[in-house]
Amino acid sequence: MTFTNLLYHLEAETGILTITINRPDKLNALNAATIEEIRAAAQQALNDAAVRGIILTGSGEKSFVAGADIAELTQLDEVSGRRAAIQGQEAFRLLEESPKPVIAAVNGFALGGGCELAMACHMRVASENARFGQPEVNLGLVPGYGGTQRLTQLIGKGKAIELLLTADMIKADEALRLGLVNHVVPQAELLSFTKQLLGRILTKAPLAVGLCLDCVNAYYDKDRQGYQSEADAFARCFDSADFREGTSAFLEKRPASFTGK
């Protein structure tokens, strides 16, 4: 698929796909077309066996995603607003529920929909100049793409409510202290560090990695029982080629060669 607002680059030798939000003149703000492209890119990546892990970032050094396209928001009413929220939630859920690891490399502003997009990824690495916030109340809005839910999951109810109600923007070091991001690195090292982190994960058993992600997501899913999901995943591993390879490699004192089966 050809994208207008995204750059889609797959490194064949590593299996690392980098998806870059590419609207630099708009600080990579999300409009409906960009959200639809994120959904399509995520689905394409999930269907492509050559893709083993995903990095999501923004073009330039100023902004990951500065928020939603305000001019587009002013055209919405209650019906179209609900449709837009559902579109965004569905697109971001594809990233969250991906069995392939997804890491956000947050370069600059991650505000509103940008913060929501980063939170939908499994992990977040921030540059030192990154800034996070949910400023929707300044516009008379609430977050619509999962922000109220994921922010609470990541940093706790009290602090999430404070950030949502004050619309305060926090720096990268504060985001790290709160648990909103996993690592903070210099801007020049952001992509290389993120690739190294993802590369370490990609040396592990793909089936087990995907099942770990699913079990963690089960904890937050009111329709699932997390401990049961974990027991089911644990049992499933014993019938996998990856388990046989991993245990054999351990006993034979050699690196494992996993296939994801």
Side-chain angles (χ1 to χ4, degrees), residues 1-10 17-47 54-98 102-122 124 126-127 129-151 163-164 167 169 180 190-191:
M1 179 175 176
T2 301
F3 299 101
T4 301
N5 298 320
L6 305 181
L7 302 178
Y8 188 99
H9 175 68
L10 176 62
L17 169 67
T18 302
I19 299 174
T20 305
I21 314 299
N22 189 38
R23 300 184 76 211
D25 57 323
K26 301 290 186 180
L27 293 179
N28 303 322
L30 298 177
N31 57 7
T34 304
I35 289 174
E36 173 55 26
E37 288 194 7
I38 291 171
R39 184 206 62 76
Q43 192 62 68
Q44 181 171 314
L46 292 176
N47 293 338
I54 302 168
I55 294 173
L56 189 66
T57 193
S59 62
E61 297 185 356
K62 291 183 178 180
S63 181
F64 172 72
V65 169
D69 191 315
I70 306 301
E72 188 175 84
L73 291 182
T74 63
Q75 305 303 309
L76 302 179
D77 57 19
E78 184 174 351
V79 173
S80 55
R82 179 176 288 105
R83 187 184 309 120
I86 292 172
Q87 178 193 28
Q89 289 177 7
E90 290 178 346
F92 292 6
R93 192 176 298 118
L94 277 177
L95 298 171
E96 183 176 55
E97 296 181 352
S98 165
V102 184
I103 304 179
V106 181
N107 50 313
F109 294 114
L111 305 176
C115 189
E116 292 175 293
L117 178 60
M119 291 191 295
C121 299
H122 299 134
R124 286 147 294 284
S127 61
N129 68 321
R131 300 292 184 269
F132 297 84
Q134 297 290 164
E136 286 85 355
V137 293
N138 287 334
L139 302 174
L141 288 172
V142 303
Y145 305 149
T148 61
Q149 307 303 296
R150 294 192 181 98
L151 188 62
L163 293 182
L164 289 165
M169 183 169 58
L180 183 56
L190 179 63
L191 283 180

Peer 1: Just by modelled atom types, is the N107 backbone N or O under 3.5 Å from a matching donor or acceptor in the E61 side chain?
Peer 2: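 Absent.
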
Peer 1: Return yes if some donor-acceptor pair links the side-chain N/O of E72 with the main-chain N/O of A32 below 3.5 Å, else return no.
Peer 2: yes

Peer 1: For the CD1 atom of I21 and the CG atom of L30, what is their distance to the nearest 0.5 Å?
Peer 2: 6.5 Å

Peer 1: Minimum heavy-atom separation for A41 and L6, please, with both atom names.
Peer 2: CB-CD1, 3.8 Å

Peer 1: Are the side chains of E90 and I86 in touch, meaning some heavy atoms are under 4.5 Å apart?
Peer 2: yes

Peer 1: Determine whether R124 and F64 make a side-chain contact, defined as any pair of heavy atoms from C-beta on separated by less than 4.5 Å.
Peer 2: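 SC-SC contact between R124 and F64 ruled out.
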
Peer 1: To check you understand the geometry: which heavy-atom pair defines the closest contact between L95 and A42, and what is its length?
Peer 2: CD2-CB, 3.9 Å

Peer 1: Between R131 and N129, is there a donor-acceptor pair closer than 3.5 Å when you use the side chain of the first and the backbone of the second?
Peer 2: yes

Peer 1: Donor-acceptor pair, distance only, cut-off 3.5 Å: does the side chain of S127 make one with the backbone of V106?
Peer 2: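 Yes: the side chain of S127 pairs with the backbone of V106.
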
Peer 1: Using modelled atom types and a 3.5 Å cut-off, is there a donor and acceptor pairing between side-chain atoms of T34 and backbone atoms of N5?
Peer 2: no

Peer 1: Answer yes or no: is there a donor N or O on one side and an acceptor on the other, between the side chain of H9 and the main chain of L17, under 3.5 Å?
Peer 2: no

Peer 1: Between R150, E97, M119, which is the residue that forms a side-chain contact (heavy atoms from CB on, under 4.5 Å) with F92?
Peer 2: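 Answer to the side-chain contact (heavy atoms from CB on, under 4.5 Å) test with F92 among R150, E97, M119: R150.
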
Peer 1: If you compare all heavy atoms of G88 against all heavy atoms of I35, which two are closest, and at what distance to 0.1 Å?
Peer 2: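 Taking every non-hydrogen atom into account, CA-CG2, 3.8 Å.
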
Peer 1: If the threshold is 4.0 Å, N to carboxylate O, is there a salt bridge linking R39 and E36?
Peer 2: yes

Peer 1: Could you check whether any side-chain N or O of N31 sits under 3.5 Å from a backbone N or O of D69, counting only pairs where one atom can act as donor and the other as acceptor?
Peer 2: no

Peer 1: Is there a donor-acceptor pair closer than 3.5 Å between any side-chain N or O of H122 and the backbone N or O of I103?
Peer 2: no

Peer 1: Closest heavy-atom contact between A167 and P135?
Peer 2: CB-CA, 3.6 Å

Peer 1: Can you name the closest pair of heavy atoms from E37 and F3 and give their distance?
Peer 2: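 Closest heavy-atom pair between E37 and F3: OE1-CB, 3.4 Å.
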
Peer 1: Donor-acceptor pair, N22 side chain versus S59 backbone, under 3.5 Å?
Peer 2: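 Here the side-chain-to-backbone pair does not exist.
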
Peer 1: Would you give the length of the straight line joining atom OG of S98 to atom CZ of R93, rounded to the nearest 0.5 angstrom?
Peer 2: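 Going from OG on S98 over to CZ on R93, the span is 14.0 Å.
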
Peer 1: How long is the gap from CZ on R82 to CG on D77, to the nearest 0.5 Å?
Peer 2: 10.0 Å

Peer 1: For the backbone of L164 and the side chain of Q134, can you confirm whether one donor and one acceptor N or O come within less than 3.5 Å of each other?
Peer 2: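 Judged by distance alone, no pair lies under 3.5 Å.
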
Peer 1: Locate the shortest heavy-atom distance separating I55 from A105; write the atom from each residue and the value.
Peer 2: CG2-CB, 4.0 Å

